[in-house]
Structures are given as C-alpha cells and as structure tokens.
Student: 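Structure provided below as structure tokens; questions to follow.
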Amino acid sequence: MITNKRTIIIYLWLCLVPVCFSFWDVLHANASTEMIRRKQVEPTGKVIWEVPTQKKVIALTFDDGPNPVYTPQILALLRQYEATATFFSIGYQMERYPQIVRRVVQEGHELGNHSMTHSYEDRVGFERMRSELIRADKVIQKYQQNKPKLFRPPGGYIDNLLLQESIQNGYKVVLWSTNQDTKDWSLPGAQVIADHVIRHARSGDIVLLHDGGGDRKQTIEALKTILPVLKQQGYQFVSVSELLNYRNN
C-alpha cells in the first residue's frame, strides 16, 4: 500500500514539474517584455506611426500574407488604380508561396518583415522574436535587396530590446496611424472598412489592412471603394518607404 502511494506521488510529481516549468517560462517571457509607449518613443523617430506632410499621400499596408487567394486579387486592384503598397509578410507564408512574393516585388510594391510565424512578443519573449526577425529577414533578402528594411511586429507589440535589435539589423519599425486601424480582421463589413478609411483619411497616413490570416473578401470589396474614391479626392497611394521621403514636405 505504501509503495503504491509513493508510486502515485512520484507519478504526480513527474507530471506536474513540466507544467510548472512551462508556466514559469510564460510568466518570465511576459514579465520581461515591457511594451514601449508611443509618447516615449515617437519623438525619437525610431518607430513610425504616420508621416507629417502636407502632400496628399497615403500608404496602404497589408499584413499576414502572402495568401494564394487574396493577395493576387489585391495586386490586381492596386495595378488598376496605379497604387503602390507595402506588404508586411510572414516568413513561413513567403516560403510557401514564393511565386506571389516575386509578383509583389515585380509589380513595384515592397515587402516588410512581419516575423517568421506571427508570434506576439509579449507571449513568447524577446529571444524568440529576435530569432523570428532574423529568419524572416533572410527570406525577404532572396526577393528584395538594397531597399529600406521595414519591420512591423505582430500585434504592434515591441519592447526596447526588440526595438534596438531591429535597428541594429537595419530595420525601421513601422506601425500604423491610430485613425487608420481598420480592424478588417474582425470582418465588420466591406462598407464599414471602406467608410472608416475614407472618413479618416489624411495626408501621411499609414493604413492597416490584411491580405492573409483569414477570410479577406471584405477587405478586397472595401478596396474597390477606397481606391477610386481617395484617388478622386487627390490622394496618391505610395509605399511606406516612399511616404518617408515626404516627411515635413
């Protein structure tokens, strides 16, 4: 009987130890990741939300692709309205769909680094995100060289360690205008997405949209309204790198 009790205790202990260590790792990762605050870092110019300019230029950005269904449709619309955009792409998705990545670059758009697997730094910690940044960079360099390097951390989560690592690797960290978070990932409706972008449009905006990570039919339908309406209003659609050249102009 005693032996059986000891066996049970040992068994339970062996089961609980890995769980405890796993729980500790999560706590440690989260505790060591203190997100930077806009009011603290924006004056340094190390993180970009939008670009102060009087010129009627806007940067459309697309996250979480490439996607074999939606990215080509978005590219077709951009070509139709002579618009240039920035695609913040996920490394493993680029590896899966290299032909789409090549098309993005060939058609004059630019690639941005959106990590290798779309992990959130506040969940996995700095070391994992450092690795993801570097691995995704190697994928991008196969298709796009000698161009400005842009990094958008998944969810916008970034701490000072990752910010410094990004800078050391030659990256500018790009988020999005507060007034242009379309939340298209939540599927609010194509008209809601379009109305949001058009109603809040202002010079120097960086608009957050998605070409991957789920059903993007609403985003595509919204673009069919956004592109012609803003173009008629005199806006030019440029890449983030091009937008940076308009700073204070």
Side-chain angles (χ1 to χ4, degrees), residues 48-90 93 97 99-112 114 144 147-148 150 152 174-247 249:
I48 300 159
W49 282 267
E50 61 253 334
V51 171
T53 179
Q54 298 302 311
K55 302 292 184 180
K56 297 191 77 171
V57 286
I58 284 182
L60 298 179
T61 66
F62 299 91
D63 287 10
D64 300 353
N67 179 279
V69 175
Y70 305 116
T71 307
Q73 295 181 62
I74 290 172
L75 289 172
L77 285 168
L78 294 174
R79 182 172 63 251
Q80 179 181 347
Y81 292 99
E82 300 177 309
T84 303
T86 301
F87 290 80
F88 285 96
S89 300
I90 299 172
Q93 287 290 101
Y97 307 109
Q99 71 281 6
I100 300 177
V101 180
R102 282 192 289 268
R103 181 178 169 185
V104 168
V105 175
Q106 290 170 356
E107 295 190 10
H109 309 290
E110 69 181 353
L111 298 172
H114 200 41
Q144 178 179 276
K147 290 199 69 174
L150 309 174
R152 174 173 287 167
V174 179
L175 297 180
W176 53 86
S177 303
T178 303
N179 60 303
Q180 289 293 6
D181 183 356
T182 65
K183 293 183 172 60
D184 60 336
W185 52 267
S186 67
L187 305 179
Q191 195 60 52
V192 172
I193 297 169
D195 288 346
H196 181 96
V197 174
I198 293 168
R199 185 171 63 253
H200 295 94
R202 63 188 183 190
S203 299
D205 274 352
I206 297 176
V207 182
L208 175 60
L209 295 161
H210 294 78
D211 65 325
D215 184 342
R216 299 295 168 240
K217 295 187 186 74
Q218 291 184 6
T219 301
I220 291 168
E221 289 303 311
L223 283 171
K224 294 177 181 178
T225 300
I226 293 168
L227 289 165
V229 169
L230 290 187
K231 187 172 182 178
Q232 187 176 27
Q233 291 180 8
Y235 283 98
Q236 179 183 359
F237 301 99
V238 300
S239 68
V240 170
S241 294
E242 291 171 328
L243 185 67
L244 293 175
N245 294 328
Y246 286 93
R247 186 183 297 273
N249 289 331

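Count residues from 1 along the sequence. Heavy atoms only: backbone and side chains are in, while hydrogens, waters and symmetry mates are out.
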Student: Name the residue from T71, L60, V101 that meets the side-chain contact (heavy atoms from CB on, under 4.5 Å) definition with F87.
Tutor: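 Single pass found, and it is T71.
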Student: Using salt bridge (Lys or Arg N to Asp or Glu O under 4.0 Å) as the criterion, list what pairs up with E82, not counting sequence neighbours.
Tutor: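 Residues passing salt bridge (Lys or Arg N to Asp or Glu O under 4.0 Å) with E82: K231.
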Student: Do D184 side-chain atoms and T219 backbone N/O form a donor-acceptor pair below 3.5 Å?
Tutor: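 Looks like no, no N/O pair under 3.5 Å.
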Student: Tell me every residue that passes side-chain contact (heavy atoms from CB on, under 4.5 Å) with P68, counting only those two or more places apart in sequence or in another chain.
Tutor: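 Partners of P68 under the side-chain contact (heavy atoms from CB on, under 4.5 Å) test: Y97, I100.
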Student: Of all residues at least two apart in sequence or in a different chain, which pass the side-chain hydrogen bond (donor to acceptor under 3.5 Å, both in side chains) check with R247?
Tutor: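 Testing R247 for side-chain hydrogen bond (donor to acceptor under 3.5 Å, both in side chains), a comparison that skips the adjacent residues, returns none.
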Student: Partners of N179 by side-chain hydrogen bond (donor to acceptor under 3.5 Å, both in side chains), sequence neighbours excluded?
Tutor: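 By the side-chain hydrogen bond (donor to acceptor under 3.5 Å, both in side chains) rule, N179 matches R202, D205.
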Student: Residues in side-chain hydrogen bond (donor to acceptor under 3.5 Å, both in side chains) with S186, at least two apart?
Tutor: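 Partners of S186 by the side-chain hydrogen bond (donor to acceptor under 3.5 Å, both in side chains) criterion come out as none, since no residue qualifies.
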Student: Would you sort out whether W185 and D64 count as a side-chain contact (heavy atoms from CB on, under 4.5 Å), showing the intermediate values?
Tutor: CA-CA 10 Å; W185 52 267; D64 300 353; over 6 Å; no
Student: Does R152 have any side-chain hydrogen bond (donor to acceptor under 3.5 Å, both in side chains) partners at least two apart in sequence or in another chain, and if so, which?
Tutor: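 Checked R152 against side-chain hydrogen bond (donor to acceptor under 3.5 Å, both in side chains); matches are T61, D63.
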Student: Sequence neighbours excluded, which residues qualify as salt bridge (Lys or Arg N to Asp or Glu O under 4.0 Å) partners of K56?
Tutor: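 Scan of K56 (salt bridge (Lys or Arg N to Asp or Glu O under 4.0 Å), adjacent residues dropped) gives none.
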Student: Write down the atom of I220, the atom of Y70, and the distance for their closest heavy-atom approach.
Tutor: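 Nearest pair, atom of I220 first, then Y70: CD1-CD2, 3.6 Å.
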Student: Tell me whether K183 at atom NZ has more than 12 heavy atoms from other residues, nucleotides or ligands lying less than 6.0 Å away.
Tutor: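 Counting neighbours around NZ of K183, 12 or fewer heavy atoms of other residues, nucleotides or ligands fall under 6.0 Å, so no.
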Student: For atom CD of Q99, decide whether the heavy atoms of other residues, nucleotides or ligands shown that lie under 6.0 angstrom number more than 12.
Tutor: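 Yes - once you tally the heavy atoms of other residues, nucleotides and ligands closer than 6.0 Å, there are more than 12.
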Student: To the nearest 0.5 Å, tell me how far I74 CD1 sits from D211 CG.
Tutor: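 It comes to 5.0 Å.
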Student: Mind listing the closest non-hydrogen atom pair of S203 and T53 along with its distance?
Tutor: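 Where S203 meets T53 most closely, the heavy atoms are CB-O, 3.4 Å.
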Student: How many angstroms lie between CG in L209 and OG1 in T182, if you round to the nearest 0.5 Å?
Tutor: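 So the gap between those two atoms works out to 4.5 Å.
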Student: Among pairs that include at least one residue of residues 69-78, which meet salt bridge (Lys or Arg N to Asp or Glu O under 4.0 Å), considering only residues two or more places apart or in two chains?
Tutor: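 Qualifying pairs: none.
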Student: What salt bridge (Lys or Arg N to Asp or Glu O under 4.0 Å) pairs are there with at least one residue in residues 70-81, not counting sequence neighbours?
Tutor: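 Counting only pairs at least two positions apart or across chains, the salt bridge (Lys or Arg N to Asp or Glu O under 4.0 Å) contacts touching residues 70-81 are R79-E107.
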Student: Identify the two heavy atoms, one from L187 and one from R216, that lie closest to each other, and give their separation to 0.1 Å.
Tutor: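 The answer is CD2-NH1, 4.2 Å.
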Student: At their closest point, which heavy atom of Y81 faces which heavy atom of P228, and how far apart are they?
Tutor: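 Minimum heavy-atom contact is CE2-CB, 3.6 Å.
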Student: Could you work out, with side-chain contact (heavy atoms from CB on, under 4.5 Å) as the rule, every residue matching A83, not counting sequence neighbours?
Tutor: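 side-chain contact (heavy atoms from CB on, under 4.5 Å) check on A83 returns L78, L227, F237.
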Student: Compare every heavy atom of T178 with every heavy atom of E50, then report the nearest pair and how far apart it is.
Tutor: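 In terms of heavy atoms, the two residues are closest at OE1-N, 4.1 Å.
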Student: Which residues satisfy the side-chain contact (heavy atoms from CB on, under 4.5 Å) test with S241, sequence neighbours excluded?
Tutor: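 Partners of S241 by the side-chain contact (heavy atoms from CB on, under 4.5 Å) criterion, ordered by chain and then number, come out as E110, P148, L150, S239.
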Student: Just by distance, do the side chain of Q218 and the backbone of G189 share a donor-acceptor pair under 3.5 Å?
Tutor: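 The answer is yes, because a donor-acceptor pair under 3.5 Å joins these two groups.
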Student: For a side-chain contact (heavy atoms from CB on, under 4.5 Å) with I48, tell me which candidate from L244, V240, L243, L175 qualifies.
Tutor: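 Output: one option passes, namely L244.
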Student: Determine the minimum heavy-atom distance between A190 and A222, stating which atoms define it.
Tutor: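 Scanning both residues completely, I find the closest heavy atoms to be O-CB, 3.4 Å.
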Student: Checking V69 now: which residues fulfil side-chain contact (heavy atoms from CB on, under 4.5 Å) with it, not counting sequence neighbours?
Tutor: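 Checked V69 against side-chain contact (heavy atoms from CB on, under 4.5 Å); matches are N67, Q73.
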